[in-house]
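Each remark here refers to the structure printed beneath this line.
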Amino acid sequence: SSTFSVDEDLLLTDLHRFKVEREHSFSSENTSKKRYIDLILTRDDSYQEKIAIVIENKVYSKEHSNQLQAYWKHVTTKEFPSSESSDDDQGWKHLFILLSPDGMPPSEENEDWIPLSYGKVKEALETVIKGRVLSDDVHLLIRHYLEILDEISNEQDSMVEHLCKSLYKDHRLAFNTLEKLMKKNTP
């Protein structure tokens, strides 16, 4: 299978051998439109399986323009083909991660993508900081990234609060009526 298991395979993988690239670009097959994969980690090692981990980070937007399907197709058939889509017996294994503040699930047609929330990333990084001896530079980098995740989380909370206040302001009568009905129907 060309699918890479998050639970077992990833935990046992030596991540030091991975090449990391951000904003990985390619041209769409049907158009000459440039597409950019947020983050791609690859390991092309003659001693171990070839692995491509694709991460699409959705901070303030949702899926659009068949983006995830285009990324999946390009990665699995063109640039890092699995053994099923190439003549190479040693095809690539793939892991597709949809990263977002709340871990939003991908649409049905993108079932190969695994949702991951910033909260889960934060938990994992906090465990790494507590459980390992790290260089000062690595520790500082992780601390800064954790601060960024907190800022984004706070912005999301603030946006939701603003939306709720706006809805209440515009539809106060409906909310007050709902509240009365709920109190009436609660034993």
Side-chain angles (χ1 to χ4, degrees), residues 2-13 15 18 20-26 28 33-42 51-76 80 93-132 134 138-172 174-175 178-179 182:
S2 71
T3 304
F4 189 69
S5 162
V6 178
D7 297 335
E8 298 159 19
D9 296 335
L10 189 57
L11 293 175
L12 298 173
T13 298
L15 296 175
F18 277 80
V20 179
E21 186 180 353
R22 63 183 188 83
E23 297 298 322
H24 179 83
S25 68
F26 68 95
S28 254
K33 180 182 174 186
K34 277 275 196 202
R35 295 216 182 229
Y36 298 90
I37 297 172
D38 288 337
L39 201 59
I40 188 161
L41 295 82
T42 55
I51 299 170
I53 301 172
V54 178
I55 302 173
E56 178 59 21
N57 187 21
K58 292 291 182 192
V59 183
Y60 301 112
S61 66
K62 305 273 186 223
E63 292 178 52
H64 59 83
S65 313
N66 296 322
Q67 185 181 31
L68 298 182
Q69 288 172 320
Y71 293 175
W72 182 88
K73 184 176 182 182
H74 174 77
V75 167
T76 60
F80 308 102
K93 296 261 185 177
H94 305 100
L95 177 63
F96 295 90
I97 298 173
L98 179 58
L99 179 63
S100 65
D102 61 353
M104 78 174 157
S107 57
E108 283 183 31
E109 63 271 10
N110 295 309
E111 63 188 24
D112 291 315
W113 289 80
I114 298 167
L116 181 64
S117 71
Y118 288 1
K120 291 287 185 192
V121 171
K122 188 176 174 191
E123 285 174 25
L125 291 175
E126 286 171 342
T127 300
V128 166
I129 284 178
K130 289 177 188 167
R132 293 207 172 93
L134 304 170
V138 171
H139 191 271
L140 183 62
L141 177 73
I142 292 174
R143 291 271 15 115
H144 282 177
Y145 187 65
L146 289 170
E147 288 172 14
I148 290 168
L149 292 178
D150 282 340
E151 286 176 21
I152 291 171
S153 179
N154 291 339
E155 286 175 20
Q156 293 283 324
D157 291 346
S158 178
M159 286 172 32
V160 169
E161 186 177 327
H162 175 73
L163 179 61
C164 288
K165 286 178 180 177
S166 178
L167 282 169
Y168 184 73
K169 179 182 169 194
D170 294 345
H171 304 284
R172 185 178 309 233
F175 281 106
L178 279 171
E179 183 180 32
M182 289 173 59

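Reckoned from all heavy atoms, side chains included, excluding hydrogens, waters and symmetry mates. If you read the sequence from its start, that first residue is 1, and numbering goes on from there. Here the structure is a predicted model, which means the values were calculated and not measured.
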Search all heavy atoms of [X] against all heavy atoms of [Y] and return the closest pair with its distance.
{"X": "Ser100", "Y": "Gly103", "answer": "OG-N, 3.0 Å"}
{"X": "Asn57", "Y": "Tyr118", "answer": "OD1-OH, 2.6 Å"}
{"X": "Ser25", "Y": "Lys34", "answer": "OG-NZ, 3.9 Å"}
{"X": "Lys122", "Y": "Asp150", "answer": "NZ-OD1, 2.5 Å"}
{"X": "Leu125", "Y": "Tyr145", "answer": "CD1-CD2, 3.4 Å"}
{"X": "Val75", "Y": "Ala52", "answer": "CG1-CB, 4.5 Å"}

Looking at side-chain heavy atoms only, is the closest gap between Thr76 and Asp112 below 4.5 Å?
-> no
Student check: side-chain heavy atoms of Leu116 and Ile114 closer than 4.5 Å | no
How are the rings of Tyr71 and Phe26 set to each other: parallel, tilted or perpendicular (split at 30° and 60°)?
-> perpendicular
I would like to know whether His74 and Arg35 meet side chain to side chain contact (heavy atoms under 4.5 Å, CB included); could you show each step before the answer?
-> CA-CA 10 Å; His74 174 77; Arg35 295 216 182 229; over 6 Å; no
What distance do [X] atom [atom1] and [Y] atom [atom2] have between them, rounded to the nearest 0.5 Å?
{"X": "Asn110", "Y": "Phe96", "atom1": "CG", "atom2": "CZ", "answer": "10.0 Å"}
{"X": "Ile40", "Y": "Leu95", "atom1": "CD1", "atom2": "CG", "answer": "11.0 Å"}
{"X": "Leu68", "Y": "Lys58", "atom1": "CG", "atom2": "NZ", "answer": "7.0 Å"}
{"X": "Leu41", "Y": "Glu21", "atom1": "CG", "atom2": "CD", "answer": "10.0 Å"}
{"X": "His139", "Y": "Leu141", "atom1": "NE2", "atom2": "CG", "answer": "11.0 Å"}
{"X": "Leu98", "Y": "Ile55", "atom1": "CG", "atom2": "CD1", "answer": "11.0 Å"}

Does the side chain of Glu56 pick up a donor-acceptor pair with the side chain of Gln67 at under 3.5 Å?
-> yes
For side chain to side chain contact (heavy atoms under 4.5 Å, CB included), just list the numbers for Leu39 and Leu99, CA-CA rounded to whole Å, side-chain angles, deciding distance to a tenth of an Å, and then say yes or no.
-> CA-CA 11 Å; Leu39 201 59; Leu99 179 63; over 6 Å; no
Which residues pass the side chain to side chain donor-acceptor pair (under 3.5 Å) test with Asp38, sequence neighbours left out?
-> none
Which residues pass the salt bridge (Lys or Arg N to Asp or Glu O under 4.0 Å) test with Lys73, sequence neighbours left out?
-> Glu29
So, His94 side chain and Phe80 main chain: donor-acceptor pair closer than 3.5 Å or not?
-> yes
